[in-house]
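Report on one structure; see the data block that follows.
The chains referred to below are lettered A, B, ... by the order of the sequence lines, with proteins before strands, and numbering in each begins at 1. Because the structure is predicted, anything quoted here is derived from the model rather than measured.
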Amino acid sequence: MANQDDNLLKKIISHAKEYGFIFPSSEIYDGLAAAYDYGQNGVELKNNIKSFWWKAMVQMNENIVGIDASIFMHPTTWKASGHVDAFNDPLIDNKDSKKRYRADVLVEEYIAKIEGKIDKEVDKAAKRFGDSFDKDQYLATNPRVMGYAEEIASINKRMKEAIEQENLAEVKKLIEDLGIVDPVSGSKNWTDVRQFNLMFSTELGSVADGASKIYLRPETAQGIFVNFLNVQKSGRMKIPFGIAQIGKAFRNEIIARQFIFRMREFEQMEMQFFVKPGDEMEWYEHWKNKRIQWHKTLGLGEDNYRFHDHLNLAHYANAACDIEFNFPMGFKELEGIHSRTDFDLKAHEEHSGKKLQFFDPQENKSYVPYVVETSIGLDRMFLAVMTSAYKEEVLEDGSERTLLKLPAALAPTKVAVFPLVKKDGLPEKAHEIIDLLKLDFSCQYDEKDAVGKRYRRQDAVGTPYCVTVDHQTLEDNTVTIRDRDTMQQERIDITQLHSRVADLVSLSRLLKQL
RNA sequence: GCGGGAGUAGCUCAGCUGGUAGAGCGACAGCCUUCCAAGCUGUAGGUCGCGAGUUCGAACCUCGUCUCCCGCUCCA
């Protein structure tokens with residue numbers, strides 16, 4: 001099973017490359033780890049996924065609007081969001097237990113042990129001296145306690161200096177000098193200390209002293225939060241309302257793996273829905289339902305989805321779940337739905353000094369709204385679509401075909417048009433048909449090789465419909481239209497072609513089902 | 001980071017105990033004119049991941065290095 005699934009991922013990777021969906025980044029220079037480029041078919045599929053999401057979220061909901069915020073944001077944004085403090089850790093691994101620790105935490109724990117010793121001395125002394133015990137005086141005069149205190153001060157000083165100078169070798173040396181052992185393995189077999197920064201930083205030249213270090217955003221959500229007031233005021237938005245955004249985000253993952261599933265540069269489709277405090281659970285349930293409905297409408301297979309409720313909640317959330325998809329490597333997170341409380345807006349109020357509140361005319365008072373977030377990984381969605389679409393079929397005659405059963409509305413090419421043979425005016429007629437269709441649908445023309453081979457080529461890139469011009473076409477203006485999945489053909493009049501195709505491949509057909 | 005596997009044509013791979021590269025599919029051009037891959041002819045495409053070393057000679061042996069895949073670790 002595992003092997004088969006490994007093979008499936010490998011096949012999808014090869015297929016994606018061979019047919020222009022996804023290429024390894026900078027391949028001619030040996031590639032760049034975990035970065036991928038979307039090719040000519042990939043970009044179409046990706047754009048179609050975006051479009052389906054955007055229309056489902058923004059166009060279909062009167063109270064949701066979209067924005068496109070800058071990737072660069074004021075550095076304080078990330079202090080407010082908690083990203084700067086929470087993910088700037090010196091990490092160290094124990095080679096025997098294979099456990100990873102925060103180096104500063106190991107040192108703090110060591111200090112805590114010494115503090116424990118001081119406390120013991122204090123307790124002992126308190127018993128000895130009885131009522132006349134003066135703790136402060138004892139701490140200031142007892143030689144043993146003073147020794148401990150000095151040791152703590154010295155460790156703290158070394159640690160502080162090392163961190164400030166970003167001298168990771170010194171941090172390691174400190175751990176070695178202190179003889180700190182792994183609590184699991186009991187060994188002192190440590191790796192070097194490495195700084196783990198979740199966020200990519202870069203320099204912004206023109207910003208004044210000290211503030212020139214800025215980050216590439218690790219999530220798009222903050223671009224929405226900092227624009228909460230702008231959108232609410234300028235759009236005259238009333239609670240409850242939402243702000244949607246599609247955009248790139250960057251995370252320096254410790255390990256980026258599994259094709260486009262976990263990349264350091266990726267694209268998110270997020271919507272933050274602002275609600276009245278107290279209503280958040282109702283809306284959390286609402287969006288759980290809405291989002292799973294969106295997925296199921298695509299028809300990738302209902303069994304391929306499941307919810308996973310978070311038991312350990314993040315610092316900002318009071319409820320959270322994932323929509324997981326059955327990827328080749330198993331069920332993995334595809335989308336997150338989080339009830340983020342008022343954590344973010346409050347944090348931005350504190351750091352910016354601006355009121356980020358909504359005045360409720362009914363209640364005649366202002367409040368900081370609560371937020372329900374839906375956040376889906378676009379690249380992961382792409383992989384989910386590819387995973388469910390990739391099929392190897394054995395046909396009745398024993399021959400095989402490889403095809404992508406993409407939802408028609410997402411397919412990079414909607415219609416391929418072929419002349420049965422490339423003479424007798426058939427190619428010209430085929431081009432006329434393309435001119436008729438290309439205003440609304442992405443089309444491809446192909447006259448090379450036997451027509452069966454051309455069908456297979458289109459199957460491989462997921463084109464849902466192929467139209468073939470034959471000699472009869474010249475007589476009665478009809479063509480055959482062939483369905484990718486069933487390989488069945490139907491002969492229809494050219495004048496009906498446009499409306500027929502529109503009906504089959506349109507996004508609105510899916511949107512109606514939401 | 002640790003452990004395992006792998007890098008040869010666009011894809012899948014072969015290449016013997018070392019003798020300076022092959023196949024199938026694919027692509028392109030042409031022939032044929034045919035409604036579901038595999039008819040015929042021709043063409044293009046590889047400093048065998050990269051760098052050293054051993055050797056008269058390295059895709060093959062040695063060392064180093066890079067990249068990819070899988071598992072563990074991390075994933076607000």
Side-chain angles (χ1 to χ4, degrees), chain A residues 2-3 5-7 9-11 13-20 23-36 81-83 85-87 89 91-102 190-194 196 198-199 218-219 221 251-259 261-262 264 310 312-317 320 322 328-329 332-333 336 338 340 343-344 373 375 377 395-402 418-424 426 447-460 466-472 479-480 482-484 486-489 491:
Chain A
N3 269 341
D5 289 349
D6 288 354
N7 287 340
L9 183 60
K10 279 185 180 165
K11 282 177 179 171
I13 293 169
S14 306
H15 193 87
K17 183 184 172 192
E18 189 170 0
Y19 290 95
F23 308 121
S25 165
S26 321
E27 197 186 11
I28 62 167
Y29 292 112
D30 231 4
L32 181 67
Y36 292 90
S81 69
H83 288 80
D85 295 331
F87 292 94
D89 311 327
L91 299 177
I92 190 166
D93 292 351
N94 184 274
K95 290 177 185 170
D96 298 312
S97 69
K98 311 277 187 206
K99 293 287 176 189
R100 171 166 290 159
Y101 301 93
R102 281 175 55 172
W190 297 106
T191 63
D192 288 343
V193 176
R194 295 179 311 279
F196 169 56
L198 168 101
M199 292 191 288
E219 64 175 21
R251 294 182 194 182
N252 209 351
E253 302 284 354
I254 299 168
I255 300 169
R257 283 276 173 85
Q258 284 160 332
F259 195 36
F261 183 81
R262 177 166 295 123
R264 297 195 170 93
H310 287 207
N312 297 323
L313 295 172
H315 58 280
Y316 58 68
D322 296 334
M329 54 281 183
K332 300 269 186 181
E333 179 183 355
H338 297 191
R340 289 181 80 131
F343 176 88
D344 298 279
E373 164 190 278
S375 174
L395 304 179
E396 283 178 10
D397 64 359
S399 67
E400 290 176 20
R401 69 167 183 157
T402 302
F418 310 143
L420 185 60
V421 295
K422 59 179 172 194
K423 63 172 192 181
D424 303 335
L426 268 49
E447 61 175 24
K448 173 76 181 163
D449 297 315
V451 71
K453 210 172 205 174
R454 287 178 259 165
Y455 287 140
R456 297 300 168 88
R457 272 202 284 267
Q458 295 301 327
D459 290 342
C466 292
V467 168
T468 301
V469 174
D470 56 17
H471 290 92
Q472 189 183 331
V479 289
T480 59
R482 175 256 194 194
D483 181 277
R484 176 195 66 205
T486 64
M487 300 196 293
Q488 295 300 306
Q489 286 179 291
R491 185 166 277 278

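A gap of 38 Å separates the C1' atoms of C48(B) and C36(B), to the nearest Å. Here the separation of G4(B) from U17(B), taken at their C1' atoms, is 29 Å to the nearest Å. Taking the C1' atoms as reference points, A37(B) lies 33 Å from G5(B), given to the whole Å. Of the P atoms belonging to G51(B) and A58(B), the separation is 14 Å, rounded to the nearest Å. Nucleotides A6(B) and G53(B) are separated by 24 Å at their C1' atoms, to the nearest Å. When the C1' atom is used for both G39(B) and U33(B), the distance is 12 Å, rounded to whole Å. Remark: the separation of the C1' atoms in G1(B) and A76(B) is 22 Å, to the nearest Å. Separating the P atom of U62(B) from that of G7(B) is a span of 15 Å, rounded to the nearest Å.
Of all nucleotides listed (U33(B), C75(B), C36(B)), C75(B) comes nearest to the side chain of Arg262(A). Comparing atom distances between the Tyr36(A) side chain and each of C69(B), C35(B), U33(B) picks out C69(B) as nearest. Set against C36(B), C35(B), C75(B), the side chain of Arg251(A) has C75(B) as its closest nucleotide. In this structure, the nucleotide among U33(B), C35(B), A38(B) sitting nearest to the side chain of Ala450(A) is A38(B).
Map Asp470(A) and Lys448(A) each onto its nearest nucleotide of RNA chain B; the residue landing nearer the 5' end is Lys448(A). Between Arg340(A) and His471(A), it is His471(A) whose nearest contact on RNA chain B lies nearer the 5' terminus.
Distance OH (Tyr19(A)) to C1' (A27(B)): 11 Å, rounded to an integer number of Å. Atom P of nucleotide A27(B) and atom CD of Glu18(A) are separated by 9 Å, given to the nearest angstrom. Rounding to whole angstrom units, CG of residue Asp459(A) and P of A38(B) are separated by 14 Å. Here the C1' atom of nucleotide A29(B) and the CG atom of Asp449(A) are 12 Å apart, to the nearest Å. Distance CZ (Phe23(A)) to P (C11(B)): 10 Å, rounded to an integer number of Å. Rounded to whole Å, atom C1' of C70(B) lies 10 Å from atom CG of Leu9(A). With rounding to whole Å, Glu447(A) atom CD is found 9 Å from G30(B) atom P. Rounded to an integer number of Å, the gap from CZ of Phe261(A) to P of C69(B) is 14 Å.
Secondary-structure stems of RNA chain B, taken as three or more successive Watson-Crick or G-U wobble pairs (i with j, i+1 with j-1) under a 3.5 Å distance threshold, comprise B:1-7 with B:66-72, B:10-13 with B:22-25, B:27-31 with B:39-43, B:49-53 with B:61-65.
A donor N or O paired with an acceptor N or O is not found under 3.5 Å between the base of C35(B) and the side-chain atoms of Arg482(A). Between the base of A76(B) and the side chain of His83(A) there is a donor-acceptor pair shorter than 3.5 Å.
Between Ser14(A) and the phosphate of U12(B), there is a side-chain N or O to OP1/OP2 separation shorter than 4.0 Å. The shortest distance between the side-chain N/O atoms of Arg457(A) and the OP1/OP2 oxygens of A27(B) is below 4.0 Å. Close to C11(B), at under 4.0 Å from its OP1 or OP2, lies a side-chain N or O of Lys17(A). Regarding contacts with the backbone of G26(B), a side-chain N or O of Lys453(A) is found under 4.0 angstrom from either OP1 or OP2.
The residue Gln489(A) sits close to a base: some heavy atom pair falls under 4.0 Å. Counting any heavy atom pair closer than 4.0 Å across all strands shown, His15(A) reaches no nucleic acid atom. Using a 4.0 Å heavy-atom distance criterion, Phe343(A) is classed as making no nucleic acid contact. Backbone-only engagement by Phe259(A) is indicated by non-hydrogen atom pairs under 4.0 Å involving sugar-phosphate atoms exclusively.
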(Q) Assess the residue pair His471(A) and Val421(A) against the criterion (side-chain contact (heavy atoms from CB on, under 4.5 Å)); give the C-alpha distance rounded to whole Å, side-chain angles, the decisive distance to 0.1 Å, and a yes or no. (A) CA-CA 9 Å; His471(A) 290 92; Val421(A) 295; 4.0 Å; yes

Q: Before giving the answer on side-chain contact (heavy atoms from CB on, under 4.5 Å), spell out for Arg491(A) and Asp470(A) the whole-Å C-alpha distance, their side-chain angles and the decisive distance to 0.1 Å.
A: CA-CA 11 Å; Arg491(A) 185 166 277 278; Asp470(A) 56 17; 2.4 Å; yes

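One finds the OG1 atom of Thr468(A) at 10.0 Å from the CG atom of Leu426(A) (value rounded to the nearest 0.5 Å). Atom-to-atom distance recorded for Ile13(A):CD1 and Glu18(A):CD is 14.0 Å, nearest 0.5 angstrom. For the atom pair CZ (Arg456(A)) and OG1 (Thr402(A)), the distance works out to 9.0 Å, reported to the nearest 0.5 Å. Atom CE of Met199(A) is separated from atom CZ of Arg251(A) by 11.0 Å, given to the nearest 0.5 angstrom.
Minimum interatomic distance between Ala460(A) and His15(A) (heavy atoms only, all atoms of both residues): O-NE2, 2.7 Å.
Ring-plane geometry between Phe418(A) and Tyr455(A) is classed as tilted, the angle between the planes lying from 30 to 60 degrees on a 0 to 90 degree scale.
Here the side chains of Glu219(A) and His83(A) are in contact, with some heavy-atom distance below 4.5 Å.
The one candidate from Lys453(A), Arg401(A), Arg484(A), Arg454(A) that meets the salt bridge (charged side-chain N to carboxylate O under 4.0 Å, His left out) condition with Asp459(A) is Arg401(A).
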